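Computed from a predicted model, the values in this text were never measured in an experiment. This chain uses plain numbering: 1 for the first residue, then up along the sequence.
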Amino acid sequence: MAKKSRSDVIFDDRDFPISVVRKAFFRGLGMDPDDLKDKPLIAIASSRTEINPGHVNLDTVAARVKEGVYAAGGVPFEFNVPAPCDGMTEGHDGMRYVLAQRDLIADIIETHIRSMRYDAVVFIASCDKIIPGMIMAAARLDLPSIFVTGGPGCWQIRYSPSMNGSVDHKSYTNPFDKIHTSTPATCGACELMGTANTMQCLVEAMGLCLPGTANIPAVHTDKLIFARRAGMRIVAMSQEGLSARMILTRDALDNALMADLAIGGSTNTALHLPAIAHELGIDYPIDRFNDFNRKIPTLCAISPSGPYGIVDLYIAGGMPAVMKVLENDLNTGSMTVTGKTVKENLLFAVIRDEKVIPPRDRPHLPEGGTVILKGSLAPEGAVVKQSAVHPDMKVFSGPARVFDSEADALRAIREKRLNEGEVVVIRYEGPIGGPGMPETLAVTMGIELAGFKKVALITDGRFSGASAGPCIGHVSPEAAAGGPIALVRDGDIIRISIPGRSLELDVPADELARRRSDWKPVVLDIPPGYMKRYVKHVGSAAKGAVLE
């Protein structure tokens with residue numbers, strides 16, 4: 001039937017008698033090896049898990065994908081990878097293991113597929129680190145690959161009589177309503193432009209999923225219909241020889257970056273795009289964000305940058321509509337999983353609600369969401385989501401309040417030891433120092449709930465896509481690597497200019513040199529196992545925190 005290549009070796013009798021053993025294992029599955037030898041073997045890499053709502057529905061999605069594979073003449077085999085949930089790991093040491101699983105997921109998929117000789121892969125996932133880990137694996141393997149996203153869920157506020165048209169917590173004063181803007185009411189990824197939905201959107205912007213499918217809600221019947229179509233399409237891709245690296249090019253990465261800026265995507269994109277580029281052998285510095293963020297506006301006001309949710313984005317036309325607005329900016333000649341270019345796919349895009357997806361000349365904000373800051377405090381760079389920063393705080397300076405851990409900062413908030421006008425510095429939370437670069441959502445929430453209006457936050461850790469306000473993360477080099485953030489002391493003046501793309505520590509060079517001579521890193525006790533190896537090999541956040 002099909003172009004197979006990789007799985008041919010399983011059925012090849014030139015190494016008889018061991019070939020009999022291989023084919024016998026298919027018989028053990030209740031399959032006839034003679035029926036399989038001319039059919040492509042399709043891996044279904046799923047992150048289905050029972051412990052978070054973003055992935056609990058993926059068994060149903062995978063079942064429909066497999067139906068499509070069978071219908072098109074292929075043979076599917078499903079396997080699973082871990083599915084860490086940032087929400088479940090907030091507030092305890094589990095958060096230190098979340099980003100680290102991205103590279104582990106990539107390794108699991110790569111090694112399993114190389115060993116089992118599949119001909120093509122369907123990737124099924126919904127949330128934060130799993131999708132980029134899967135894209136990294138796709139880049140390494142360079143097999144025919146297609147993604148099926150689990151889709152967004154719905155917040156409980158959508159089912160409340162108090163809903164005022166917004167799903168964003170800033171639109172409500174009643175504490176129960178605020179809670180309902182962060183309480184999942186259905187399966188699917190949390191309904192805001194956090195990392196989960198950002199990465200689902202970017203899968204489509206890269207051309208890795210069927211057009212219009214990234215934002216289909218998890219509970220919508222079209223999720224299953226298009227899952228089946230994706231299963232059919234991967235069989236065709238295996239016959240055509242349309243592999244991942246034909247789609248994952250520098251132009252595709254730029255398309256993803258422009259889409260990210262337009263939708264107000266998560267700052268974690270600044271970790272994941274360079275990591276994907278690294279797997280492709282493409283030099284893709286985080287400065288690339290600044291190459292585009294003055295040209296590409298924050299088109300959409302999606303929470304936490306505005307009132308709308310991902311369900312609203314889907315109803316308004318989804319990513320095809322966003323990309324249609326950006327058509328003159330995008331690399332429309334890029335290939336996609338349809339076998340057609342971005343330009344050809346966009347012929348069918350429709351913008352259904354200009355309040356949610358406005359025209360290019362009427363964006364939510366004039367500049368793109370993610371900005372890279374550099375300066376004496378962050379020579380390699382730091383990241384901020386300017387679309388979620390109040391205009392009054394885009395230029396700010398103040399005395400530092402320094403903490404060597406997130407826990408210490410939270411304690412200071414609870415004990416009311418912070419003051420308006422300060423710049424909170426949380427260090428030793430980077431990829432090495434964390435270890436694992438945990439996100440500091442708890443501190444951003446604590447500052448907001450304490451009522452502070454003029455407090456900035458700087459860290460060598462990272463933030464949740466849900467974070468808002470002047471939260472500057474990924475400061476590189478990190479404290480554990482001897483970066484300038486390790487030398488900051490209480491009272492030092494820190495100057496932030498988002499328009500100027502700068503982050504400066506106002507301390508003379510000779511004083512910093514004196515401090516460095518006395519500096520000793522804070523060393524945490526790391527449990528034996530994977531993290532011991534991780535901290536030895538993980539690189540700078542400015543380069544994607546990849547394992548070298």
Problem - Pairs meeting criterion ring pair (Phe, Tyr, Trp, His ring centres under 6.0 Å) with involvement of residues 32-66, two or more places apart - result: none
Practice task
Verify, without hydrogens or angle tests, whether S115 (side chain) and T111 (backbone) share a donor-acceptor contact under 3.5 angstrom.
Solution key: yes
Handout entry: All salt bridge (charged side-chain N to carboxylate O under 4.0 Å, His left out) counterparts of D287, not counting sequence neighbours
Key = K374
Exercise for the section: Examine F463 together with H474 and report whether their ring centres are nearer than 6.0 Å. Expected result: no
Handout entry: Verdict with supporting geometry, M199 and M134, side-chain contact (heavy atoms from CB on, under 4.5 Å)
Key = CA-CA 11 Å; M199 292 311 302; M134 287 182 167; over 6 Å; no
Completion exercise
Here the side chain to side chain donor-acceptor pair (under 3.5 Å) pairs for residues 66-83, sequence neighbours left out, are K66-E78
Handout entry: Side-chain donor or acceptor of R462 paired with backbone N/O of P431 under 3.5 Å
Key = no
Practice task
I would like to know whether V167 and T181 meet side-chain contact (heavy atoms from CB on, under 4.5 Å); could you show each step before the answer?
Solution key: CA-CA 6 Å; V167 301; T181 62; 5.6 Å; no
Handout entry: Beyond-backbone contact of T332 with T341, side-chain heavy atoms, under 4.5 angstrom
Key = no
Practice task
Could you tell me whether a side-chain N or O of K170 sits under 3.5 Å from a main-chain N or O of G306, the two making a donor and an acceptor?
Solution key: no
Exercise for the section: Kindly say whether I296 contributes a backbone atom to a donor-acceptor pair with the side chain of R360 at under 3.5 angstrom? Expected result: no
Exercise for the section: Measure the shortest side-chain to side-chain distance between R102 and I105 over non-hydrogen atoms and say whether it is less than 4.5 angstrom. Expected result: no
Exercise for the section: Report yes or no: does R64 contribute a side-chain atom to a donor-acceptor pair with the main-chain N or O of R228 at less than 3.5 Å? Expected result: no
Handout entry: Any donor-acceptor pair under 3.5 Å from R245 side chain to A139 backbone
Key = yes
Practice task
Determine, step by step, whether R501 and N293 satisfy the side-chain hydrogen bond (donor to acceptor under 3.5 Å, both in side chains) criterion, reporting the C-alpha distance in whole Å, the side-chain angles of both residues, the deciding distance to 0.1 Å, and the verdict.
Solution key: CA-CA 11 Å; R501 309 308 196 236; N293 57 29; 2.9 Å; yes
Handout entry: Ring centres under 6.0 angstrom apart (Y314, H220)
Key = yes
Practice task
Mark yes or no for whether E327, through its side chain, and M323, through its backbone, hold a donor-acceptor pair below 3.5 Å.
Solution key: no
Problem - V383/I472 under side-chain contact (heavy atoms from CB on, under 4.5 Å): CA gap, chis, key distance, verdict - result: CA-CA 6 Å; V383 181; I472 300 168; over 6 Å; no
Problem - Ion pair K129/D86, N-O distance below 4.0 Å - result: yes
Handout entry: M335 and L242, any side-chain heavy atoms less than 4.5 Å apart
Key = yes
Problem - Heavy-atom donor-acceptor pair, K324 side chain to L346 backbone, under 3.5 Å - result: yes
Practice task
Could you tell me whether the side chain of T269 reaches within less than 4.5 Å of the side chain of T370, counting heavy atoms only?
Solution key: no
Handout entry: Donor-acceptor contact below 3.5 Å, side chain S266 vs main chain G194
Key = no
Practice task
Please determine if E380 and K543 form a salt bridge, counting it only when a charged side-chain N lies under 4.0 Å from a carboxylate O.
Solution key: no
Exercise for the section: Count the heavy atoms of every other residue, nucleotide or ligand shown that sit under 6.0 Å from CD1 of I51, and state whether that count exceeds 12. Expected result: no
Practice task
Report yes if the side chains of F226 and I216 come closer than 4.5 Å at any heavy-atom pair, otherwise no.
Solution key: yes
Problem - Salt bridge flag under 4.0 Å for residues R288 and D254 - result: yes
Problem - Stepwise side-chain hydrogen bond (donor to acceptor under 3.5 Å, both in side chains) test for D142 and S243 - result: CA-CA 6 Å; D142 194 26; S243 67; 2.9 Å; yes
Problem - Close side-chain approach of F289 and L261, heavy atoms under 4.5 Å - result: yes
Handout entry: Over 12 non-hydrogen atoms of neighbours within 6.0 angstrom of CZ in F77
Key = yes
Exercise for the section: In plain terms, say whether R158 and D312 are close enough for a salt bridge, that is, a side-chain N and a carboxylate O under 4.0 Å apart. Expected result: yes
Problem - C201 side chain reached by M193 side chain, heavy atoms, under 4.5 Å - result: yes
Handout entry: Aromatic plane relationship, F79 with Y118 - under 30° parallel, 30 to 60° tilted, over 60° perpendicular
Key = parallel
Problem - Main-chain N/O of T183 paired with W155 side-chain donor or acceptor, under 3.5 Å - result: no
Handout entry: Salt-bridge contact D59-R48 (side-chain N to carboxylate O under 4.0 Å)
Key = yes
Practice task
Would you confirm whether the ring centroid of F26 sits within less than 6.0 angstrom of the ring centroid of F11?
Solution key: yes
